[in-house]
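Report on one structure; see the data block that follows.
Letters A, B, ... mirror the listed sequences (proteins, then strands); counts begin at 1. Hydrogens, waters and symmetry mates are skipped; everything else that's a heavy atom, side chains included, is used.
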2 protein chains.
Amino acid sequence: MNPDFRRSMQKLTLKKIARELDVSISTVSKSLKDSPEISQDTKEKVRAFAKLYNYRPNTIALSLKNRKTKTLGVIIPEIVHHFFTTVVSGIEKVANEKGYTVIIGLSNESFEKEVTNMQKLANGSIDGFILSVSRETQLKEDYHHLTETIDHGMPIVLFDRNVSQLECDKVVVDDVEGARNAVEKLVSLGCEHIALFTTEDHVNVGKLRTAGYREALDESGISYRENLVVKLRDEFNDEGQEERLRAEIELFLRNNPGVDGIFAVNEKYALTAMKAAQALGRKIPSDLKVIGFTDGDLSKFASPSLSTVSQHGIQLGENAAQMLIKRLEENNFDPPFQTVVVATRLVERESTSIN
Amino acid sequence: MNPDFRRSMQKLTLKKIARELDVSISTVSKSLKDSPEISQDTKEKVRAFAKLYNYRPNTIALSLKNRKTKTLGVIIPEIVHHFFTTVVSGIEKVANEKGYTVIIGLSNESFEKEVTNMQKLANGSIDGFILSVSRETQLKEDYHHLTETIDHGMPIVLFDRNVSQLECDKVVVDDVEGARNAVEKLVSLGCEHIALFTTEDHVNVGKLRTAGYREALDESGISYRENLVVKLRDEFNDEGQEERLRAEIELFLRNNPGVDGIFAVNEKYALTAMKAAQALGRKIPSDLKVIGFTDGDLSKFASPSLSTVSQHGIQLGENAAQMLIKRLEENNFDPPFQTVVVATRLVERESTSIN
DNA sequence: TATTAACACTATAACGTTTTCGTGGATAAA
DNA sequence: TTTATCCACGAAAACGTTATAGTGTTAATA
């Protein structure tokens with residue numbers, strides 16, 4: 001055998017093995033698949049060779065032939081974001097276990113990037129999508145790229161940011177219940193003037209958590225007061241806008257000294273509120289109790305540590321991957337579709353302790 | 001035309017267009033590529049049809065034909081980790097701009113997962129790797145999977161966790177300098193007993209940052225004292241081990257009341273140290289000044305906010321992607337290899353303020 | 001001895017592209 | 001009229017697989 005064989009081989013293929021061993025490509029393929037059509041001798045010879053030179057079938061060729069890629073496309077609005085990374089790690093875990101690969105696309109909260117990213121992946125690169133729609137998409141309420149994908153026979157599992165008019169599998173957090181539990185907790189701790197820091201209305205999860213806040217108040221016989229609800233503008237989330245967010249929150253706290261509880265729809269709002277309140281001399285949790293949403297490191301390391309509604313992102317991701325893979329393996333892309341609701345859990349820390 | 005055409009088409013291909021328009025596949029392909037071989041009439045007809053039914057070439061088929069996938073494989077030790085996500089977002093940005101897709105593999109700090117992930121992707125799915133080796137890989141010092149990949153003609157760009165014996169492009173943070181600057185800062189603020197919280201020795205970045213710590217002390221004429229260096233065990237980073245980490249740090253602080261400055265090689269150690277110190281009644285920054293490494297949200301939102309050595313993960317990712325894509329487009333997989341060093345920047349916050 | 005069956009392989013088509021090389025017919029030049 | 005030149009298109013190969021359908025040789029059966 002050519003001594004330079006190893007060097008010359010950029011990538012070993014069936015054809016090269018066949019040429020080297022002086023048999024046909026079919027024989028090589030069948031040998032490696034342990035087909036009964038091939039004699040033991042030949043099989044062993046081929047397999048030894050393949051093993052020696054570390055043959056691995058070309059994934060692309062297989063994808064083309066089988067018309068499936070064993071790859072999941074995941075589109076998320078942001079990756080530098082604790083919640084989404086936990087979801088991705090859940091997806092990746094299940095995907096890997098079942099022999100799937102994960103491709104990640106970032107929309108960066110942009111409608112256009114979401115669309116182009118999907119189009120790029122939809123052309124044969126992946127078998128199905130797991131995605132959370134971007135903020136802009138929710139704002140525009142334009143979901144044609146999603147419906148078209150589904151119509152073309154590619155399954156989608158939506159997560160977290162629900163879009164009720166879309167017919168597909170979904171796995172969502174029980175935002176309403178999570179928020180309700182949080183606010184109920186505040187009430188049970190004696191809070192009577194509970195402020196809500198939430199997003200603009202078009203953000204679905206913000207809306208749902210607001211609804212939960214309201215439910216809890218209703219149940220407790222506390223009247224809902226518009227002026228205790230602060231809708232923070234989207235742009236405050238942008239890089240470098242921390243000060244404006246802080247100013248807005250501080251202004252509110254200054255104007256509402258009677259507030260004794262805060263429920264915020266995310267960690268950032270909650271922590272900013274805590275910092276602003278502390279700067280104003282309010283003691284947490286004695287004067288003011290705070291609960292946030294999304295359980296990340298930020299909450300754990302805050303001073304005082306922040307009680308939060310944990311969303312179980314990993315579980316969410318695992319569920320999403322399972323649902324998608326199930327459809328793919330069963331080759332069932334038709335209704336009925338399923339919506340899995342992942343329960344939240346209130347993690348109590350110092351910001352709501354009673355001492 | 002068959003009215004059910006749209007429905008029947010799972011995915012539009014050249015062949016289907018050809019059949020429908022009663023021309024050859026070649027003609028369709030050439031028309032879409034605006035070849036001069038084809039008449040205007042035919043071109044227009046084909047293009048109108050393709051546009052109407054939203055034809056997009058099958059990526060997999062193109063990959064097979066061109067023997068390149070326009071996809072980058074990114075292997076990171078962890079995804080629920082601020083630094084790595086910033087790197088990924090930098091990679092993704094550049095990749096997207098240049099028409100590349102990104103596949104993510106997680107090693108979860110495991111050697112075996114790193115190897116299998118790479119093997120899976122190396123078989124045609126991607127054109128090159130960007131990766132940061134897992135902790136276990138560093139521990140074992142087994143890099144055969146990397147050298148083999150390189151030998152097979154697939155370029156690798158290593159980032160952050162450098163492996164000096166590997167011959168490939170690299171983009172690393174200047175850990176030594178970052179650490180030195182941080183410690184110099186502490187010295188300039190009057191600290192004389194500066195503790196170091198670092199990792200076990202086999203973690204490269206820990207070692208480098210430790211070296212920087214030492215350099216700064218040497219320069220400042222402060223003697224290096226072994227007993228001020230705390231090597232925290234890897235396992236303390238695992239989920240649920242926060243208390244043990246905290247206990248270890250607290251013990252040290254209790255035994256070393258004279259410590260007036262802390263440099264920690266990551267955010268977690270720094271924040272845990274701050275919390276422990278505060279619990280022991282030390283005031284930060286007046287009694288004790290603290291600087292961490294890696295600039296994440298944790299540092300910004302801590303109380304007091306934490307000064308850190310910012311690693312510019314995004315830039316790091318951008319550089320890595322640029323280097324890899326350059327090699328791919330130039331088809332140049334040979335030495336010389338480049339090592340880009342991304343400078344760090346000391347971000348000063350409350351934990352080192354002077355008032 | 002002629003037929004059949006078993007064996008151990010090879011050839012071929014297909015997946016969806018792109019590209020090189022033909023090719024038939026029309027037109028222009030000789 | 002014959003020959004050369006275009007024009008507009010089609011055929012075929014290739015990328016690396018797998019699966020189906022041959023095929024030639026030997027051995028068993030009638």
Interface residues of residues 34-42 of chain B with DNA chain D (non-hydrogen, below 4.0 angstrom):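 By residue number: B:E37, B:I38, B:S39, B:T42.
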Counterpart residues, salt bridge (charged side-chain N to carboxylate O under 4.0 Å, His left out), relative to B:D22 (two or more places apart):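 None.
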Taking only residues two or more places apart in sequence or in another chain, which ones pass salt bridge (charged side-chain N to carboxylate O under 4.0 Å, His left out) with A:K68? none
Residues in side-chain contact (heavy atoms from CB on, under 4.5 Å) contact with A:H145, at least two apart in sequence or another chain: A:F111, A:E114, A:V115, A:M118, A:T137
Got a sec, which residues hit side-chain contact (heavy atoms from CB on, under 4.5 Å) with B:K33, two or more places apart in sequence or on another chain?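 Result, side-chain contact (heavy atoms from CB on, under 4.5 Å) vs B:K33: none returned.
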Pair B:S24, B:T27: side-chain N/O donor-acceptor within cut-off below 3.5 Å: yes
Can a donor-acceptor pair be found between the side chains of B:T101 and A:K120 at a distance below 3.5 Å?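 Side chains of B:T101 and A:K120: pair found under 3.5 Å.
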Hits for ring pair (Phe, Tyr, Trp, His ring centres under 6.0 Å) against A:Y55, two or more places apart or cross-chain, chain-then-number order -> none
Check ring pair (Phe, Tyr, Trp, His ring centres under 6.0 Å) between A:F84 and all other residues, then give those that pass, not counting sequence neighbours. A:H81
Reading nucleotides 12-19 of chain C from 5' to 3' and marking B where a protein heavy atom lies under 4.0 Å of the base, S where only the sugar-phosphate is that close, and - otherwise, the string is B-BBBBBB
For residues 328-336 of chain B, run the donor-acceptor check on the side chains, cut-off 3.5 Å, and write out each pair with its distance to 0.1 Å, sequence neighbours left out.
residue : atom : partner : partner atom : Å
B:E329  : OE2  : B:Y100  : OH           : 2.7
B:N332  : OD1  : B:D334  : N            : 3.1

Using the test side chain to side chain donor-acceptor pair (under 3.5 Å), find all partners of A:N117 that sit at least two apart in sequence or belong to another chain. none
For the helix from C:dT1-D:dA30 to C:dA30-D:dT1, figure out the bend between the end axes, five pairs an end, and round to 10 degrees. 90°
Show, in sequence, the C-alpha distance, side-chain angles and deciding distance for B:K70 and B:D127, and conclude whether the salt bridge (Lys or Arg N to Asp or Glu O under 4.0 Å) test is met. CA-CA 6 Å; B:K70 285 253 181 186; B:D127 296 338; over 6 Å; no
Just the endpoints, please: which first and last nucleotides of DNA chain D, 5' to 3', lie under 4.0 Å from a heavy atom of chain A?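 Terminal contacting nucleotides, 5' to 3': D:dC15 to D:dA21.
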Heavy-atom check, side chain of B:K43 versus side chain of B:D34, under 4.5 Å: yes
